[in-house]
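Here the structure is laid out as structure tokens; the discussion comes afterwards.
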Amino acid sequence: MSNILFINLLFSFLIGLLLYMPISRLYIILILILFIFFNIYLMMKKSTKEKLFKNIKTQDTIKHLKELIKNETKCEEVNISKGDERLDEFEKINLNSEYNIYIKNKKSSFDPDIKNYVNYILDLYSNYENKISSENAMRREVKLSKIQFVSKLRILADKFDSGKSGHTRRIGNLSKQLALDIGFNEKYSYEIGLYSPLHDIGKVLVSSNILNKPGKLNREEYEIIKKHVLYGAEILQGVDWLKIAWEIALYHHERYGGGGYPFSLIGDKIPVSARIVSIIDVYDSIRGKKVYKETVSHDEALEKMIQMQNHYKYFDPDFFDNFLKNNEKYDIIFDKN
């Protein structure tokens, strides 16, 4: 039985006893008043503790536990830590948890109910820490698995990419840089860099005779190769974390001014990710070596892209302006990859 309950029962017994005794009602009224004030005090004290208990549920768990213990024991300082430490001038309070409490110069006893509550909260906190640590390790493992999976797909895509050595690697690095230059945050830019190398993954389902043809494609062959965007989308669809890769694969041949494929979308109806990669894909395709052409210089590629933009409005104008403004970066990245 708690001390509070015992005192209340004692008061109730005394009041009941006094009612049957030949004693002035004034004394009974005084005792009742004392009884009421005592309970008001207990309610205020309980309210203060409940407020502190509520605060414990916030992120600063240890801080609020220290505040609670300090308020309860009227001590100078509280230390809560894992393991067994030897702290001069501190009294150790043993708990049934990974944590111990060290109190300096306490002036009041440690209420057993409060001690049990602190022990309970520290157990929850310890379990939460362990859970977070385990979840973080799992997230890192899952993230690494995703990166490895995308890397394997990128290698596969490179094998079917018209002999353009390093094309997918450059697409990733260049696309990430353009996303940053446009003003997207680090996380989104990283995702663009990670998934953009899968833009032509659908070419694995296109005949290698067409992909590696040394001359110009005829109309029938061109219609076949255009289907690689649909094949790529089909390969990547239905996986939530590959949504950006799916967008890029399906829409990176759309033109901002219309007339692209597969849907002839216009302007902002084309996903942002595809508008970024479209610029980089064209830049790298013009500069890179193919089975039917040699490499060209950075300046030649820029000149051709500007002509394409002026005549056909190939690219998002704002994105393309950023590309031109920072074009020296892309020349450096291309040469390094």
Side-chain angles (χ1 to χ4, degrees), residues 143 146-147 150-151 153-154 157 164 166-201 229 232-233 236 240-288 296-337:
K143 184 177 180 180
K146 289 178 180 178
I147 292 171
V150 171
S151 296
L153 283 181
R154 181 189 66 77
K164 295 180 283 183
H167 174 64
T168 58
R169 183 176 62 253
R170 291 193 301 270
I171 288 289
N173 294 331
L174 291 165
S175 296
K176 178 183 177 181
Q177 185 60 56
L178 180 54
L180 289 169
D181 289 338
I182 292 168
F184 291 104
N185 61 38
E186 192 72 39
K187 180 179 181 295
Y188 184 73
S189 300
Y190 169 80
E191 289 175 340
I192 292 293
L194 178 64
Y195 299 125
S196 56
L198 304 184
H199 66 296
D200 281 341
I201 188 65
V229 295
L236 300 170
D240 289 342
W241 62 272
L242 286 174
K243 184 176 184 296
I244 292 177
W246 174 84
E247 288 178 351
I248 293 169
L250 184 58
Y251 299 113
H252 72 281
H253 280 293
E254 297 285 0
R255 298 180 189 174
Y256 194 82
Y261 64 87
F263 306 118
S264 293
L265 300 181
I266 297 175
D268 293 345
K269 291 183 178 180
I270 305 168
V272 167
S273 56
R275 281 184 266 154
I276 293 171
V277 176
S278 172
I279 295 170
I280 297 303
D281 187 37
V282 170
Y283 171 73
D284 192 84
S285 294
I286 293 173
R287 286 204 65 184
V296 301
S297 70
H298 173 70
D299 290 336
E300 288 177 294
L302 291 185
E303 184 179 349
K304 187 166 184 179
M305 291 177 73
I306 291 170
Q307 291 175 358
M308 293 166 65
Q309 181 70 347
N310 291 338
H311 285 90
Y312 306 108
K313 204 174 182 181
Y314 252 72
F315 315 114
D316 180 309
D318 293 331
F319 291 4
F320 189 57
D321 286 346
N322 272 281
F323 173 78
L324 294 177
K325 180 181 177 181
N326 298 281
N327 74 85
E328 292 179 358
K329 295 180 184 178
Y330 306 108
D331 186 23
I332 294 170
I333 293 172
F334 183 93
D335 288 340
K336 284 184 177 179
N337 290 273

As a quick check of understanding, evaluate side-chain contact (heavy atoms from CB on, under 4.5 Å) for Met305 and Ile279, giving each step before the final call. CA-CA 9 Å; Met305 291 177 73; Ile279 295 170; 3.9 Å; yes
Under the salt bridge (charged side-chain N to carboxylate O under 4.0 Å, His left out) rule, collect the residues that match up with Lys304, sequence neighbours excluded. none
Mind checking salt bridge (charged side-chain N to carboxylate O under 4.0 Å, His left out) for Asp268 and listing every partner two or more places apart, or none if nothing turns up? Arg275
Where do Asn173 and Phe334 land on the side-chain contact (heavy atoms from CB on, under 4.5 Å) test, with the steps shown first? CA-CA 9 Å; Asn173 294 331; Phe334 183 93; over 6 Å; no
Is there a side-chain contact between [X] and [Y] (heavy atoms, below 4.5 Å)?
X: Leu180; Y: Glu186; value: yes
X: Leu178; Y: Tyr330; value: yes
X: Arg255; Y: Lys313; value: no
X: Phe323; Y: Ile276; value: no
X: Gln307; Y: Asn310; value: no
X: Ser175; Y: Tyr195; value: no
X: Gln177; Y: Ile280; value: no

Which atom pair, heavy atoms only, marks the closest approach of [X] to [Y]?
X: Asp316; Y: Gln309; result: C-NE2, 4.5 Å
X: Pro271; Y: Glu247; result: CB-OE1, 3.8 Å
X: Val150; Y: Leu194; result: CG1-O, 3.3 Å
X: Ile266; Y: Gly258; result: CG1-CA, 3.8 Å

Please check if the distance between the ring centroids of [X] and [Y] is under 6.0 Å.
X: Tyr283; Y: His298; value: yes
X: Tyr314; Y: Tyr256; value: no
X: His199; Y: His167; value: yes

Over 60° means perpendicular and under 30° means parallel, so tell me whether Phe319 and Phe184 are parallel, tilted or perpendicular. perpendicular
Intermediate values then yes/no, side-chain contact (heavy atoms from CB on, under 4.5 Å), Arg287 and Asp335: CA-CA 10 Å; Arg287 286 204 65 184; Asp335 288 340; 3.8 Å; yes
More than 12 heavy atoms of other residues, nucleotides or ligands under 6.0 Å from OH of Tyr312: is that the case? no
Evaluate whether atom NZ of Lys329 has more than 12 neighbouring non-hydrogen atoms of other residues, nucleotides or ligands under 6.0 angstrom away. yes
At what distance, to the nearest 0.5 angstrom, does [atom1] of [X] lie from [atom2] of [Y]?
X: Leu153; Y: Ile201; atom1: CG; atom2: CD1; answer: 5.0 Å
X: Ser196; Y: Ile171; atom1: OG; atom2: CD1; answer: 6.5 Å
X: Ile244; Y: Leu198; atom1: CD1; atom2: CG; answer: 11.5 Å
X: Glu303; Y: Ile286; atom1: CD; atom2: CD1; answer: 10.5 Å
X: Glu254; Y: Ser264; atom1: CD; atom2: OG; answer: 6.0 Å

If you measure from the Lys or Arg side-chain nitrogens to the Asp or Glu carboxylate oxygens, is any gap between Asp181 and Lys325 under 4.0 Å? no
Does the Lys NZ or Arg CZ of Lys143 fall within the cation-pi geometry relative to Tyr190 - under 6.0 Å from the ring centre and within 45° of the axis? yes
side-chain hydrogen bond (donor to acceptor under 3.5 Å, both in side chains) partner of Arg170, the single match among Asn337, Asp284, Asp281: Asp284
Asp331 side chain to Glu328 backbone, donor-acceptor under 3.5 Å: no
Short side-chain donor-acceptor distance under 3.5 Å, Glu300 and Ser297: yes
Go through the steps to decide whether Tyr251 and Leu265 satisfy the test side-chain contact (heavy atoms from CB on, under 4.5 Å), and finish with yes or no. CA-CA 9 Å; Tyr251 299 113; Leu265 300 181; 3.6 Å; yes
